[in-house]
Every structure is written in structure tokens, then in C-alpha cells.
Number of protein chains: 2
Amino acid sequence: MDQLPVRQRGQCCQVTIELPSEVAEQTVEVLKALADPTRLQIVAALARSQQPVCVCDLTTAFELSQPTISHHIGKLKAAGLVTSEKQGIWVYYSLRGDLLPAARRLVDAATADGAVPLASATQTRAGVGG
Amino acid sequence: MDQLPVRQRGQCCQVTIELPSEVAEQTVEVLKALADPTRLQIVAALARSQQPVCVCDLTTAFELSQPTISHHIGKLKAAGLVTSEKQGIWVYYSLRGDLLPAARRLVDAATADGAVPLASATQTRAGVGG
DNA sequence: CAAATACATTGACAAATGTCTATGGCTCTG
DNA sequence: CAGAGCCATAGACATTTGTCAATGTATTTG
């Protein structure tokens, strides 16, 4: 960190691209699915809940329109994070139990709550009330 | 998973929002920073590299214009994931060493390569060569 | 000071995204 | 079968995002 590389003007080093593009694409797919407050909360709720959850529950919880919730769940489903189970007029959603370890780790890391806030306490922010 | 909740028509259960909105916002900020192939590769490269990396290296590695790389790095910096160190005409970037555990876990999970691919081997895909 | 190099910033633009309203499909109840 | 409830889909629209060309700033070299 303190030892900076020695450089010459007009010449750059080689940086190796670490992740196979296929792996990167797949990872980005999951990250994008999680990178929305509503979807992150949905995933967190599904991860916590022992019982599957239907769309109407989420609609009331998030104060968003039903199509919007459906849209979000559709994205989570497309990313392979959730699975659905229809019963009568309800469709119950739950976190996929057969998530591959890499995806599972991402979900765990993204929904881990009590552990530690992301922002350090030293970074005081004014006006976060809503 | 097999025991679906009992419901009445016209009445929904309560789904508790798990994450404090502030935590969710912060997490989403990091997720969005990682949810781009180029930025994910940059972070992976920085995580692997012992030596700080300058913009020109990344520009040559990703075949993107220099302003685009600067733009991506700016996002990573805004998300608090990378830090910069200027020396002469070069600006060296590295992964922040003081990442909070939650952010660190996200970065680790997103850049973990060799471990396991996200897609199971059963999902064969045609035409991934590039 | 003038030229060259590395990086940041600005402005522009197409594509993707999040949201809503309106509508359609499916299932249960009378 | 008709109505009602739950969910998905389609279309519209404003915002965000990723990218580039052009330009500005800072630093080294001559």
C-alpha cells in the first residue's frame, strides 16, 4: 500500500482481469437483483421468514402498487433467487433453498443486519429522517 | 416450505420489513457499485493486486475509454470501496483497507472466483465464447 | 514558458430501470 | 355462469446509467 509501483511516462502496466467473464456476468446478475431497496427488503424478509410470503403481503408492507411488487419479484425470480408456489388464488414466494454457495454468500452478506452498519459512526450524516 | 400459511380472501398477513431503511440504503449503495461488470472486475483486480493500480492500466485492460474508467472508479470511490493515492502524474487506486465488515463480506462474496460458479453445471449454455 | 502525459469533468445520448395505470388470466364463491 | 379477489402482463413515462468525445487541470520534461 505504501510501496507504489515505479512507472515510466507513456507506458502502463498490465492489469489482469480476474474473473472469467461468464462468472462476472452471473455475479452481476445477482448483484443487480439485490441492488434495489425494495428487492433487498423482500429478499431479507424471505430469508428471515420461515413461512412463504404472497404478493399481497409485500404490497401492503412496501406501500407500492401490486404490479410494481410483481415486477420486482419477477426480477428476483429471473436472477434465480426466489421460487414460487401457487395455492388457490395466492402465489407464495420463498428464497430458493438450493441457492449455490456463491449466490448464498451474496444474499447473506447483503441481508446481514444486526452485525454492523455499513457506514462507520464517524461519518455523521444530517437529515436522514424520512 | 411445504406448510403454506392459511389465508382468507381479502385479507393479507403482515410482512415485517427486516432491514432499517438506513442500512438498506447503504447496502444498496455498495451493491449498485458492484453491480456492473467493469466495476466488479476492477474491484476484483484491486482485491487481488498487492500493488495499487492506476487508471491507465485499467483503461488498457478493459478496452474502455479513459473517462469511462474514471467514471466507474468515481462510483466505487463514492461507495467507499476504493481509495486513491496520487504520485506524480499518476493516481493509484486500491481497495480500502478499512472496509467495514459488512462491506468487506459483500466484496468478498462478489469477487470470490475459484470457489463455485453461480450457475449450476446442469444449466448448459451455448455460445459463451468471446 | 511550452509541450506532453495522466486523470477528472462536462455535455450528450441511447439503453436500462422503477413506477404507475389499465387490462387480462386464473381461481374460488354464490 | 357471474362476480370478486389475487397476480401477471402491457404500455407509458420520468429517472438513472453506461458510454463516448471534447475539454479542463495538474504534473513532469525540455
Side-chain angles (χ1 to χ4, degrees), chain A residues 4-13 15 24-25 28-43 52-79 82-94, chain B residues 4-13 15 24-25 28-43 52-79 82-94:
Chain A
L4 294 180
V6 179
R7 311 300 294 260
Q8 286 188 10
R9 293 170 71 93
Q11 182 177 352
C12 288
C13 297
V15 166
E25 300 283 346
V28 164
E29 202 68 18
V30 174
L31 288 169
K32 285 169 79 171
L34 296 173
D36 174 90
T38 301
R39 290 197 293 270
L40 182 62
Q41 294 281 12
I42 291 177
V43 169
V53 169
C54 66
V55 174
C56 61
D57 298 331
L58 300 171
T59 301
T60 61
F62 291 102
E63 297 182 350
L64 288 173
S65 71
Q66 173 265 316
T68 298
I69 298 293
S70 268
H71 165 74
H72 283 309
I73 287 195
K75 288 215 162 189
L76 293 175
K77 204 170 179 181
V82 307
T83 181
S84 62
E85 195 174 352
K86 183 165 186 176
Q87 169 154 327
I89 58 179
W90 296 286
V91 179
Y92 290 96
Y93 286 93
S94 50
Chain B
L4 293 181
V6 179
R7 311 301 294 261
Q8 287 187 10
R9 293 169 71 93
Q11 183 178 351
C12 289
C13 297
V15 167
E25 299 284 345
V28 164
E29 203 67 17
V30 174
L31 287 169
K32 285 168 80 172
L34 296 172
D36 174 90
T38 301
R39 290 196 295 269
L40 183 62
Q41 294 281 12
I42 291 176
V43 169
V53 170
C54 66
V55 174
C56 62
D57 298 332
L58 300 170
T59 300
T60 60
F62 291 103
E63 295 183 349
L64 288 174
S65 71
Q66 174 265 316
T68 298
I69 298 292
S70 267
H71 165 74
H72 283 310
I73 286 196
K75 289 213 160 190
L76 293 175
K77 204 170 179 181
V82 307
T83 182
S84 63
E85 195 175 352
K86 183 164 185 175
Q87 169 154 332
I89 58 178
W90 295 287
V91 178
Y92 290 96
Y93 286 93
S94 50

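Each chain gets a letter, A, B and so on, in the order the sequences are listed, and its residues count up from 1.
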Can you check whether any acceptor in the base of dA4(D) is under 3.5 Å from a donor in the side chain of Arg9(B), or vice versa? yes
To the nearest 10 degrees, how far apart in direction are the end axes of the helix from dC1(C)-dG30(D) to dG30(C)-dC1(D), each fit to five base pairs?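 End-to-end axis angle: 20°.
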Neighbours of DNA chain C within residues 31-41 of chain A, by heavy-atom distance under 4.0 Å: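 Close to the strand are Lys32(A), Asp36(A), Arg39(A).
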Hey, can you pull the residues of residues 60-79 of chain B with a non-hydrogen atom under 4.0 angstrom from DNA chain C? Gln66(B), Pro67(B), Ser70(B)
What contact category does Tyr92(A) fall into here, base, sugar-phosphate, or nothing, at under 4.0 angstrom with non-hydrogen atoms?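 No contact.
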Rounded interatomic separation in angstrom, taking [atom1] from [X] and [atom2] from [N]:
| X | N | atom1 | atom2 | result |
| --- | --- | --- | --- | --- |
| Gln87(B) | dA26(D) | CD | P | 19 Å |
| Gln8(B) | dG5(D) | CD | P | 13 Å |
| Lys86(B) | dT28(D) | NZ | P | 8 Å |
| Asp57(A) | dC6(D) | CG | C1' | 11 Å |
| Arg7(B) | dC6(D) | CZ | C1' | 11 Å |

I would like to know whether Gln11(B) and Cys56(A) meet side chain to side chain contact (heavy atoms under 4.5 Å, CB included); could you show each step before the answer? CA-CA 9 Å; Gln11(B) 183 178 351; Cys56(A) 61; over 6 Å; no
How many angstroms lie between atom CG of Asp57(A) and atom OH of Tyr93(A), to the nearest 0.5 angstrom?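 Result: 12.5 Å between the selected atoms.
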Nearest-0.5 Å distance that lies between atom OG in Ser84(A) and atom CG in Leu76(A):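 Those atoms lie 12.0 Å apart.
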Take Ile73(B) and Leu58(B), measure what side chain to side chain contact (heavy atoms under 4.5 Å, CB included) needs, and give me the verdict at the end. CA-CA 10 Å; Ile73(B) 286 196; Leu58(B) 300 170; 3.5 Å; yes
Toward the 5' end of DNA chain C, by each residue's nearest nucleotide, Ile89(A) or Thr59(B):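 The residue mapped nearer the 5' terminus is Thr59(B).
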